[in-house]
Asker: 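Take this structure first; my questions come after.
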Amino acid sequence: MTRSRLDRFYRILAIILCVYGSTAKPAVADGPAAERPTFSGLVQVGDGRSIFLESQGTGSPTVVLISGRGVGAEDWNQILAPNDPAHNAPKDDVSAGLGTFLNSPDAVFPSVARFTLVAAYDRPDVRFDGENLTTPRPQPHSVDLDVSDLHALLTAAKLPPPYVLVAHSYGGLVALLFARKYPDSVAGLVMVDAATEELEGVMGPTKFADWDEQNLGTAGRPGENPKLADAMKQIKAAPAAPKIPTIVLSADKPYRFDLLPPEVHFEQFLFFQDWLKAQELMAAELSARHVKETASGHHIYLYSPELVVAAIRDLVESARAIPQDSEGF
């Protein structure tokens, strides 16, 4: 297998593992100027560690954007170019490494900043160049470290609760565990084609074990590598999910297995119907409104940012209608 085909293999494999990363994402083109964050820099979170944070806007609740595996704050400032053919493709071209992206005022981060305070951040090892890099950590790592980091970041940055957590892909596992550990601080969840502990039951024990083994087998590759099966185990062992307003948005463009090398076989991995079934179960478990028609692949916030923004606005307005106590976090 050539190097370029091998790289494409790992990109699509990561989707099948529900932990898509963007180390091979195409360059971002120039788009309309977007407002820059009020704060953009490192926040000290203790033990000599720092986390990169962007925040902008005013008002309550605070919206916290939690990225998928291998990507960080910058993705929430981007959209898929409106004229890109991926919009009309029947399958998910973006997750296959295709598409042109623009920094845009219509992206999720700047759009939400117009009606409330919003924050996005970089977990360790999602970015290796540029300024203000989050302190790295040994990989693979467990989800409770990501939850502890997020709690420490929000506290150190003095970003007040209540929070509306907006999570994509692996970020869903972070959000679900955070909400169980700190239920009094979370006012709502927006799950953007997010991973869920329901995947284990949908996949069955054999396929799930193969899936986890393959994911841990990527540990030698640079970048973020969460322990996914362990994350789901931790969520199931945590207190029950709080009864809070939740919206689930699911992709409706299936994966592009046709771009994989012919010698690669995926019988043991996650398929699109498994993912959709897990999304249904998550929505039922959380008593969520489930948006299924999104005209999007896995990265709904790039394909259809207006859907994500509308869901966030709904939960922000819901939280504002209920008096909240921001003390004691």
Side-chain angles (χ1 to χ4, degrees), residues 14-20 64 66-70 123-124 137 139-152 154 163-219 224-251 268-290 298:
I15 305 163
I16 300 166
L17 298 175
C18 81
V19 289
Y20 173 79
V64 181
I66 307 175
S67 303
R69 178 194 183 187
R123 291 190 302 271
R137 68 157 43 104
Q139 300 289 347
H141 73 281
S142 56
V143 69
D144 55 298
L145 297 179
D146 288 328
V147 171
S148 296
D149 272 0
L150 179 55
H151 180 268
L154 295 173
Y163 304 114
V164 172
L165 304 181
V166 181
H168 173 245
S169 196
Y170 165 69
L173 302 180
V174 179
L176 289 170
L177 187 58
F178 188 99
R180 284 160 169 77
K181 286 194 170 187
Y182 306 104
D184 293 339
S185 70
V186 181
L189 294 171
V190 179
M191 307 296 278
V192 185
D193 212 43
T196 165
E197 78 278 14
E198 303 290 349
L199 283 166
E200 181 175 6
V202 169
M203 295 173 72
T206 300
K207 191 159 62 169
F208 183 79
D210 288 340
W211 174 83
D212 186 49
E213 180 180 356
Q214 180 62 49
N215 176 67
L216 293 178
T218 66
E224 181 183 39
N225 188 31
K227 299 177 181 178
L228 299 174
D230 178 72
M232 296 177 189
K233 182 178 179 181
Q234 288 194 43
I235 291 169
K236 291 177 180 179
K243 300 300 182 182
I244 53 177
T246 301
I247 300 175
V248 172
L249 297 97
S250 299
Q268 74 271 42
F269 295 129
L270 177 70
F271 287 97
F272 191 56
Q273 60 266 30
D274 296 328
W275 182 267
L276 293 183
K277 178 61 176 177
Q279 296 280 297
E280 291 271 10
L281 291 172
M282 174 173 61
E285 170 67 22
L286 298 176
S287 300
R289 173 156 61 91
H290 193 178
H298 185 50

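Fair warning: this is a prediction, and the values are worked out from it, not measured in the lab.
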Asker: For a quick test of reading the model, state the closest non-hydrogen atom pair linking N225 to Q139 and the distance between them.
Answerer: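 For N225 versus Q139, the nearest heavy atoms are N-OE1, 3.0 Å.
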Asker: Do V174 and V147 have side-chain heavy atoms sitting under 4.5 Å apart?
Answerer: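 Side-chain contact under 4.5 Å: yes.
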Asker: Would you say the side-chain atoms of H141 pair up with the backbone N or O of E224, donor to acceptor, closer than 3.5 Å?
Answerer: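 Not at all, since once roles are kept as given, no pair shorter than 3.5 Å links the two residues.
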Asker: From the options L228, L176, L177, select the one residue that forms a side chain to side chain contact (heavy atoms under 4.5 Å, CB included) with E197.
Answerer: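 With E197 as partner, side chain to side chain contact (heavy atoms under 4.5 Å, CB included) holds for just one option, L176.
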Asker: Looking at Q279 and A194, would you say the former's side chain and the latter's main chain have a donor-acceptor pair under 3.5 Å?
Answerer: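 Present.
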Asker: Please find the pair of heavy atoms, one from A251 and one from F272, that lie closest to each other, and give the distance.
Answerer: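 Answer, listing the atom of A251 first, then F272: O-CZ, 3.7 Å.
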Asker: Just say parallel, tilted or perpendicular for the rings of Y163 and F178, cut-offs at 30° and 60°.
Answerer: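 Answer is perpendicular, since the angle exceeds 60°.
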Asker: If you round to the nearest 0.5 Å, how far is CD1 of I247 from NE2 of H290?
Answerer: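 One finds 11.5 Å between NE2 of H290 and CD1 of I247.
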Asker: Mind listing the closest non-hydrogen atom pair of L286 and A241 along with its distance?
Answerer: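 What the structure gives for the nearest pair is CD2-CB, 3.9 Å.
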Asker: So for atom NZ, which belongs to K233, do other residues, nucleotides or ligands contribute more than 12 heavy atoms lying within a distance under 6.0 Å?
Answerer: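 12 or below, so no.
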Asker: Using modelled atom types and a 3.5 Å cut-off, is there a donor and acceptor pairing between side-chain atoms of R123 and backbone atoms of D149?
Answerer: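 Looks like no, no N/O pair under 3.5 Å.
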Asker: Answer yes or no: are there more than 12 heavy-atom neighbours, outside K236 itself, under 6.0 Å from its atom NZ?
Answerer: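 Atom NZ in K236 is crowded, with more than 12 foreign heavy atoms closer than 6.0 Å.
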Asker: Would you give the length of the straight line joining atom OH of Y170 to atom CZ of R69, rounded to the nearest 0.5 angstrom?
Answerer: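 One finds 10.0 Å between OH of Y170 and CZ of R69.
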Asker: Which pair of non-hydrogen atoms, one from M191 and one from M282, has the smallest distance, and what is that distance?
Answerer: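 Reported closest heavy-atom pair: CE-SD, 3.8 Å.
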Asker: Let me see the working for L281 and E285 under side chain to side chain contact (heavy atoms under 4.5 Å, CB included), right down to the final yes or no.
Answerer: CA-CA 6 Å; L281 291 172; E285 170 67 22; over 6 Å; no
Asker: Donor-acceptor pair, distance only, cut-off 3.5 Å: does the side chain of D146 make one with the backbone of V143?
Answerer: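 No, the answer is negative, given that no donor and acceptor are paired below the 3.5 Å cut-off.
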Asker: Work out which heavy atom in L145 is nearest to a heavy atom in R137; give both atom names and the distance.
Answerer: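 Heavy-atom minimum between the residues: CB-NH2, 3.6 Å.
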Asker: How long is the straight-line distance from CZ of R289 back to OG1 of T246, given to the nearest 0.5 Å?
Answerer: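 Separation between the atoms: 11.0 Å.
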Asker: Just so I know, are the side chains of L199 and W275 near enough to count as touching, which here means a heavy-atom distance under 4.5 Å?
Answerer: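 Yes, their side chains come closer than 4.5 Å.
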Asker: Please find the pair of heavy atoms, one from A179 and one from V186, that lie closest to each other, and give the distance.
Answerer: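 So the minimum-distance heavy-atom pair works out to CA-CG2, 4.0 Å.
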Asker: Counting C-beta onward and ignoring hydrogens, is there a side-chain heavy-atom pair between D144 and K181 closer than 4.5 Å?
Answerer: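 Answer yes - side chains close enough.
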